[in-house]
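Just so you know, residue 1 is the first one in the sequence shown, and it goes up from there.
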Amino acid sequence: MSSQHMLKHQQLGLTDDDVLKMYAYMLKARKFDERATLLQRSGKTAFHISSFGQEAAQVAAAFALDKQQDYFLPYYRDYAFVLTIGMTVQELLLAALFKAEDINGGRQMPGHFGYKKHHIVSGSSPVATQVLHAVGIALTALMRKEEHVAFVTFGEGSSNQGDVHEAFNFAGVFKLPVIFLCENNQYAISIPAHRQVAGRVVDRAAGYGFPGQRVDGNDALEVYRAVKEARERAVRGYGPTLIEAMMYRIPPHSTADDDMLYRTKEEVDYHKDQEGVQRFRRYLMESDVLSEDLDRALQENIAKEVNEATKYAEKSPFPAPEDVLRHVYAEDGGDV
C-alpha cells in the first residue's frame, strides 16, 4: 500500500489492532470514571476527580512511550494514562475505596497513583511538585547513560507554579530526557484559562531553550505523533520538549464542585460534541477498523470488567488498625 493510501494511524506506524486497543482503553477509563462518580454519589467514597474529556490524549501519550523503560509522573486526572500503562480498574477502585489490598495499603488519596512495578511515581496534593521530580529522574538517566525518558503531566493552572518554571530551566540547561505534557483543559478549578495564563503555555519552552508544540488534545493520533517525536528527541540526547494539548474538562472540577457557577450548560454541551473519545470512534468507523457490532462487544466486555472489579473492591476488607505503621519505616534495611 502506498503512503498516499495509508490511513493516518498506519502512517504513524500504528496497526489496526493498536488503534482498537487505544479505543478500548479510552472506553475503560470512561466506564471507570462513571462508576467512580456513582460510588461517590452513593456515599461510598469522599470525592472523585473526573478525566472525562481528556482520555484520548492520555491513552495516545501512553502508547507513544516505552512502558518497560520510561518513568511516568501523572497528575491526579490521569486515570486513562495509568490504565494504559498497566494499572487495572480493580486496582483503581481498591484505591478509591481505601481498601487494604490497594497497592499503597489504602493510605493514598485517589488519583495520586504510585506503582513501582509500572514506573508510576506517586503524586501529591500540592500541584506540580511531580514536575521537578520528573526532572530529577531524567537527570539520573543522563548521568547513567540510560535510554529512558521521564514523562510528566500537569494542567495549565499548575503551569504557573514555581516548581514548573524551575523544572523547565534545569531541564533546558542540562538537555535532560524529559517530556512535559500540559493537559490544557481550559479551567483551573473555576478560573478560565484567559484569567490564569498570560500568553500561551507552549511559548514558555522557548524561554528555557527547548522546543514547544501545541496540539489538538482531542486528536489522539496527533498527540501520539507529538509524544513519539519528543521521546525520540530525548533518547537521542536533544533534551526536553513541552507539549501543550488543548482539550476541555467536561465535568466539574470534582464531585464537590458546582461548575454551573462559572460556566454555562451551552458551553459544556458544545465541547461534549468535540471530545476525543467520540472523535476517535468516528475515525475508526470511517476507516473500517471498528464496526457497530465490535463496538457493542467492546462496551459490553468493559462494562462486565468494571462491574466485577466494583464487586471485588467493595467486598475487599479495609486496612486493620495495626497496619497504620506499614510502609512508614523500612524493615531490616529492605526496599521500601
Looking at [X] and [Y], would you say the former's side chain and the latter's main chain have a donor-acceptor pair under 3.5 Å?
X: Glu292; Y: Asp295; answer: no
X: Thr84; Y: Ala80; answer: yes
X: Asp18; Y: Leu14; answer: no

What I want to find out is whether [X] reaches [Y] closely enough, with some N-O distance under 4.0 Å, to be called a salt bridge.
X: Glu55; Y: Arg30; value: yes
X: Asp102; Y: Arg107; value: no
X: Arg296; Y: Glu300; value: no
X: Arg200; Y: Asp203; value: yes
X: Asp219; Y: Lys8; value: yes

Self-check item: Single-linkage hydrophobic cluster Leu39~Leu83, side-chain heavy atoms < 4.5 angstrom
Solution: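 Yes.
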Self-check item: ILVMFWY network linking Met26 to Val89, side-chain heavy atoms under 4.5 angstrom
Solution: yes
Quiz item: Are the aromatic rings of Phe72 and Phe81 close, with centres under 6.0 Å apart?
Solution: yes
Quiz item: Counting only heavy atoms not in Arg236, do more than 12 fall under 6.0 Å of its CZ?
Solution: yes
Quiz item: Phe154 vs Phe168 aromatic rings, parallel, tilted or perpendicular, using cut-offs 30° and 60°?
Solution: tilted
Self-check item: Ring geometry between Phe174 and Phe170 (parallel below 30°, tilted from 30 to 60°, perpendicular above 60°)
Solution: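 Taking Phe174 first and then Phe170, their aromatic rings sit tilted (interplane angle of 30° to 60°).
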Quiz prompt | Under 3.5 Å side-chain donor-acceptor pair for Asp66 and Tyr71 | solution =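 No, no side-chain donor-acceptor contact under 3.5 Å.
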Exercise. Tell me yes or no: between the side chains of Thr129 and Asp163, is some donor less than 3.5 Å from an acceptor?
Key: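 Side chains of Thr129 and Asp163: no pair found under 3.5 Å.
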Quiz item: Is Arg263 positioned over the aromatic face of Tyr187, cation under 6.0 angstrom from the ring centre and no more than 45 degrees off axis?
Solution: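 Output yes; distance and angle both within limits.
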